[in-house]
Amino acid sequence: MKCLIVDDEPLAREVVKSYIGKLPFLEFVAEFATATHAMVYLHRHEVDLIFLDIQMPDMSGLQFLNALQKRPKVIMTTAYREYALDGFNLGVVDYLLKPIPFERFAKAVERAVANTAVPAPVHEAPKVLMVQTGKKLVKLEQEAIIYIEGMKDYARLHLRDKRVITKQTLISFERELPIQFCRIHKSYIANLNLLEEMEGRQLKVAGINLPIGKSYQKALKEKIEGLMI
């Protein structure tokens, strides 16, 4: 993978460059202290992976990403944890906090390589959730669930193509469902795999806006950062 480094700190660039040199499947091709110079380079050359700082003087890493029409895979490198959500929304491969340990660097690169490789056909059955609705037991694909709404004595599961009502508490769903399902409000659990954006106390999943409870805001942000990091 051809690698480009964009960071205004010379020492940070040297660290990443030395790490690239330790992995035989990576090739260092160029480094820049500003996003504008990197953008000029990308108009003339193709790269597979960018190690990108966020806070830079002329143009931030986030502005740089938004400006790119053809975007290679990107691993963010920064000293600021609070930008993880922005990276998540822009679809970056991973988010590395400085100072970066080599083991963490290697793990991020593995993700980039895995996302690049053409996967072999896999016929794995989707993960399912069994839900009691009335006198019937219904099998639902977990990833089809957009969000779950608590309705006093029962819960309503909102899927892409239907709604399912069951006498089950949100707490029981929290215990049963995997990590990407997160309690965001006293009345809602959302599927973060379908997250599109978060602004203030509003979360958008699969085109649907949901409120974020004030007491859940911090835990939600940490959950999103955990899924990234």
Side-chain angles (χ1 to χ4, degrees), residues 54 62 65-66 71 74 76 78 80-95 97 107-108 111 114-115 119 121-229:
I54 294 181
L62 298 174
L65 276 184
N66 279 315
R71 187 183 299 170
V74 175
M76 285 187 164
T78 179
Y80 301 93
R81 179 182 290 272
E82 61 265 26
Y83 292 106
L85 177 62
D86 298 301
F88 182 93
N89 289 336
L90 289 169
V92 303
V93 172
D94 211 335
Y95 186 95
L97 291 173
K107 182 179 178 182
R111 287 185 181 179
N115 289 343
V122 177
H123 303 288
E124 182 182 349
K127 293 181 180 179
V128 297
L129 178 70
M130 302 304 296
V131 175
Q132 185 80 37
T133 174
K135 296 182 179 180
K136 296 186 296 183
L137 194 62
V138 180
K139 182 170 72 173
L140 305 174
E141 292 186 12
Q142 289 181 2
E143 281 308 311
I145 301 169
I146 300 172
Y147 69 99
I148 304 172
E149 180 182 7
M151 305 287 291
K152 194 176 178 180
D153 296 328
Y154 56 91
R156 181 183 292 141
L157 289 83
H158 295 256
L159 290 80
R160 293 185 183 276
D161 57 348
K162 60 183 175 182
R163 310 280 186 274
V164 175
I165 295 176
T166 180
K167 282 195 172 184
Q168 190 170 336
T169 65
L170 288 186
I171 292 175
S172 66
F173 280 118
E174 279 186 283
R175 293 170 180 163
E176 188 174 353
L177 288 167
I179 190 171
Q180 70 265 23
F181 287 89
C182 181
R183 187 78 171 261
I184 65 167
H185 186 276
K186 66 179 182 179
S187 301
Y188 297 105
I189 292 174
N191 183 353
L192 297 185
N193 278 353
L194 303 178
L195 172 66
E196 294 176 1
E197 61 184 48
M198 184 171 86
E199 183 176 0
R201 288 174 57 189
Q202 286 284 321
L203 189 77
K204 188 174 183 180
V205 287
I208 299 170
N209 289 313
L210 297 172
I212 301 170
K214 188 175 180 180
S215 60
Y216 296 88
Q217 202 166 11
K218 182 180 178 182
L220 172 61
K221 187 174 180 182
E222 289 174 353
K223 174 70 75 69
I224 292 172
E225 289 175 354
L227 290 172
M228 281 291 298
I229 297 168

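Values in this document were obtained by computation on a predicted structure and should not be read as measured data.
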Partners passing side-chain contact (heavy atoms from CB on, under 4.5 Å) against Ala155 (at least two apart in sequence or in another chain)
Ile148, Thr166, Phe173
Pair listing, ring-ring contact (aromatic ring centres under 6.0 Å, His included) test, anchored in residues 128-153, at least two apart:
Tyr147-His158, Tyr147-Tyr188
Among all residues two or more places apart in sequence or in another chain, which pass the side chain to side chain donor-acceptor pair (under 3.5 Å) test with Glu174?
Arg183
Look up atom NZ in Lys221 and atom CE in Met198, then write down how far apart they are to the nearest 0.5 Å.
7.0 Å
Report yes if the side chains of Leu65 and Met76 come closer than 4.5 Å at any heavy-atom pair, otherwise no.
yes
Please lay out, stage by stage, how Asn193 and Glu143 fare under the test side chain to side chain donor-acceptor pair (under 3.5 Å).
CA-CA 8 Å; Asn193 278 353; Glu143 281 308 311; 3.1 Å; yes
Residues in side chain to side chain donor-acceptor pair (under 3.5 Å) contact with Arg175, at least two apart in sequence or another chain:
none
Using the side-chain contact (heavy atoms from CB on, under 4.5 Å) criterion, which residues pair with Lys135? Sequence neighbours excluded.
none
How about Ile184 and Ile189: do any of their side-chain heavy atoms sit closer than 4.5 Å?
no
To the closest 0.5 Å, what do you measure between CG (Asn191) and CG (Leu157)?
11.5 Å
Please test Leu203 against Leu192 for side chain to side chain contact (heavy atoms under 4.5 Å, CB included), starting from the C-alpha separation and ending with a verdict.
CA-CA 10 Å; Leu203 189 77; Leu192 297 185; 4.2 Å; yes
Here the gap from Ile54 atom CD1 to Leu62 atom CG, rounded to the nearest 0.5 Å, amounts to 5.0 Å
Leu194 and Lys204: CA distance, side-chain angles, deciding distance, side chain to side chain contact (heavy atoms under 4.5 Å, CB included) verdict:
CA-CA 8 Å; Leu194 303 178; Lys204 188 174 183 180; over 6 Å; no
Rounded at 0.5 Å granularity, tell me how far CD1 in Ile145 sits from CG in Leu177.
5.5 Å
Flag yes if more than 12 heavy atoms outside Ile165 fall under 6.0 Å of its CD1 atom; otherwise flag no.
yes
Give every donor-acceptor pair under 3.5 Å between a side-chain atom in residues 209-220 and any protein atom, sequence neighbours left out.
from   : atom 1 : to     : atom 2 : distance (Å)
Gln217 : NE2    : Gly200 : O      : 3.3

Please round to the nearest 0.5 Å and tell me the distance separating atom NZ of Lys107 and atom CZ of Arg111.
5.5 Å
List in chain and number order the residues that pass salt bridge (charged side-chain N to carboxylate O under 4.0 Å, His left out) with Arg156, two or more places apart in sequence or in another chain; answer none if no residue qualifies.
Glu149
What pair of heavy atoms forms the shortest contact from Leu170 to Lys186, and how long is it?
CD1-O, 3.4 Å
With rounding to the nearest 0.5 angstrom, report the CD1 to CD1 distance, Ile208 to Ile146.
4.0 Å
Taking the side chain as everything from C-beta on, heavy atoms only, tell me whether Thr169 gets closer than 4.5 Å to Tyr154.
no
Using a 4.5 Å cut-off on heavy atoms from C-beta on, say whether the side chain of Gln142 contacts that of Pro178.
yes
List the atom of Ala108, the atom of Val93, and the distance in Å for their closest heavy-atom pair.
O-CG1, 4.0 Å
The side chain to side chain donor-acceptor pair (under 3.5 Å) partners of Thr133 (sequence neighbours excluded) come to none
Kindly write out the residues that satisfy side chain to side chain donor-acceptor pair (under 3.5 Å) with Glu176, not counting sequence neighbours, or none if the list is empty.
Gln168
